[in-house]
There are 2 protein chains.
Amino acid sequence: MELTCIDHSGVEPLYYQIQQQLFERIRLGELKAGDPLPSEQEISTRLGVSRMTARLAIKSLCEVGIVYSKQGKGSFVSGLKLEKNFRQVLSFSEEMAQSGRRPESRPLGFDIVPAEGEVALALSLKPQEKVIRLRRLRIADSVPLGIESSYIPEKLCPDLKATFDPRTSLYQTLSARYGIQIAIADEVVEAGLAKGEKARLLRIAKGSPVFIFTRISYVQQGQAVEYVKSTYRADRYKIVNRLVRVKHRFAVQEDAKSS
Amino acid sequence: MELTCIDHSGVEPLYYQIQQQLFERIRLGELKAGDPLPSEQEISTRLGVSRMTARLAIKSLCEVGIVYSKQGKGSFVSGLKLEKNFRQVLSFSEEMAQSGRRPESRPLGFDIVPAEGEVALALSLKPQEKVIRLRRLRIADSVPLGIESSYIPEKLCPDLKATFDPRTSLYQTLSARYGIQIAIADEVVEAGLAKGEKARLLRIAKGSPVFIFTRISYVQQGQAVEYVKSTYRADRYKIVNRLVRVKHRFAVQEDAKSS
DNA sequence: GAGTGGTCTAGACCACTTT
DNA sequence: AAGTGGTCTAGACCACTCG
């Protein structure tokens, strides 16, 4: 395949078409790790677009880490694998689909309660404002995997309690019915030991290792829309992260502290 | 503070000066969550730069998530906290500095061994190629926190074994002495139970929960330079992640699988 | 209709790398 | 000197949002 066939009709942005062509060549192995991409100049003349447009295409590939550019040298395919398993904001169903497991959810509770303590704090609610609480047992390939408790401000989705089937995808419903798209989530991960009811529900021995997640999900605007506390079996679940070295430009310096 | 004082002398790029001014106004709280940024047009005319330059400044703020843009509306400060504690590629010393703890390292072993099994695989080495192995007990505020085993190809830093003081920062040495800057790392996190020698070194009871990390670090070009296996006490260590919703443009589809 | 960001052009000069 | 990416200009048209 070669760089050709740019559609100027305007249905797809030019830089996006170029980006996709390059991405495809990398994905197919036609461009391998370490190989140089066509230079901005070459793309520009070959496809009859301006250099800024060619540049946009390459820059967007740099942003996802599969390409890197060096001033004076060129742009090259990086050796990083295109992993599909890195930890992202995913619904349980999406996550299971990625790892090829069959998801199932068993509702353990679904009610409306006043926000209190950490829930109110996380969701920026006044105490006593109502939240929808949804407890579910998450099951993968018929084996219990985790227990999740979600809390969502009732005011964001007033009739969710009446109309939502707790065996289906919460994220999909929030998006389709209320226009709420979760964009970012902050999570704290702890490791602990299973005990009592949790061990029983997860069908593991007391004292088995578990992950404990505390997650707050946000829409792009930064408003918190969901607080989740969950416990996952460590024998059947692991976390895969891709960590990046933060750009020094945005390094947040420690606030000066006397003493 | 206002948008002023652009230095056209060329020592700092214009877009970077603008980006820093905006960042500073947000950091100081002069622009708060939800507030609109000056429009691209306004920045352009007020500072006498082209619109593309103003746009570059805003886009770079979008990339780190503290600003978001909506076509037809404008660019706004997002409500996300500027967290300095999200999991990044950090050396132990850097990580401790961030959380305000005093780091210490006690060497447990420092030798050169042939790469085998998972180490060879991770670092793309032939079996029997030499790797430098460094085992260290990591200590925070005088309390044992974790045990780390690092493996680095000897060919990348031939005389490291002879000259490196294992109580100091490995990353800093790699960068300063060999020009190796780690840019990205992939890690797998598991939860398990402490036992035997590890429990003893960490001074915790057998059966206490621990995190088990397996990390491969890469330079920007994608070459693997370090394999690390470590065990951390779960009672004194937790993980803080910021997860993002992946852009559908780069979603990697499941490879078709028969059956 | 006016204002916004999204895309695009056709140039330009610069810093950096390689020959 | 020639080629590369990094920055920058001064325009342009478009899609979208809001009054």
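Since the structure is predicted, the reported quantities are computational estimates derived from the model, not experimental observations. In the text below, chain A, chain B and the rest are named by the order of the sequence lines, each starting its count at 1.
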Worksheet item: Just by distance, with hydrogens left out, do Glu94(B) and Ser91(B) show a side-chain donor and acceptor under 3.5 Å apart?
Response: yes
Worksheet item: Will you find, in the side chains of Glu226(B) and Tyr171(B), an N or O donor that is under 3.5 Å from an N or O acceptor?
Response: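 Judged by distance alone, the side chains do pair up.
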I want to check one thing: is the phosphate of [N], taken as OP1 and OP2, less than 4.0 Å away from some side-chain N or O of [X]?
{"X": "Arg55(B)", "N": "dG6(C)", "answer": "yes"}
{"X": "Ser39(B)", "N": "dT4(C)", "answer": "yes"}
{"X": "Ser69(A)", "N": "dT4(D)", "answer": "no"}

Item to complete: Check every strand shown and say whether Leu14(A) touches a base, only sugar-phosphate, or nothing at a heavy-atom separation below 4.0 Å.
Response: sugar-phosphate
Item to complete: Could you say whether Ser50(A) or Ser75(B) is positioned toward the 5' end of DNA chain C, judged by the nucleotide with the nearest heavy atom to each?
Response: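 Result of the comparison: Ser75(B).
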Worksheet entry | Derivation of the salt bridge (charged side-chain N to carboxylate O under 4.0 Å, His left out) call for Glu187(A) and Arg87(A) | CA-CA 11 Å; Glu187(A) 80 175 6; Arg87(A) 195 158 182 73; 2.5 Å; yes
Fill in: Residue that, paired with Leu156(A), satisfies side chain to side chain contact (heavy atoms under 4.5 Å, CB included) out of Val219(A), Leu174(A), Ile132(A), Val225(A)
Val225(A)
Practice prompt. Apply side chain to side chain donor-acceptor pair (under 3.5 Å) to Thr163(B) and Arg177(B), showing your working.
Written response: CA-CA 10 Å; Thr163(B) 59; Arg177(B) 299 255 320 273; 3.0 Å; yes
Worksheet entry | Five-pair end axes of the helix from dG1(C)-dC18(D) to dT18(C)-dA1(D), angle between them (10°) |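 Helix axis angle between the two ends: 10°.
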Worksheet item: Which listed nucleotide (dC8(C), dG6(C), dT9(D)) is nearest to the side chain of Pro13(A)?
Response: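 Among dC8(C), dG6(C), dT9(D), the one nearest the side chain of Pro13(A) is dC8(C).
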Item to complete: Give a yes or no on whether a salt bridge exists between Glu154(B) and Lys130(B), defined as a side-chain N under 4.0 angstrom from a carboxylate O.
Response: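 No, Glu154(B) and Lys130(B) are not salt-bridged.
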Discussion item. Counting neighbours of NZ on Lys161(A) that are heavy atoms of other residues, nucleotides or ligands and sit closer than 6.0 Å, is the number greater than 12?
Written reply: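 Enclosed.
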Worksheet item: In whole Å, what is the span from the CD atom of Glu40(A) to the C1' atom of dA15(C)?
Response: 14 Å
N/O contacts under 3.5 Å, protein versus nucleotides 16-19 of chain D?
from: dC18(D); atom 1: OP1; to: Lys73(B); atom 2: NZ; distance (Å): 3.2

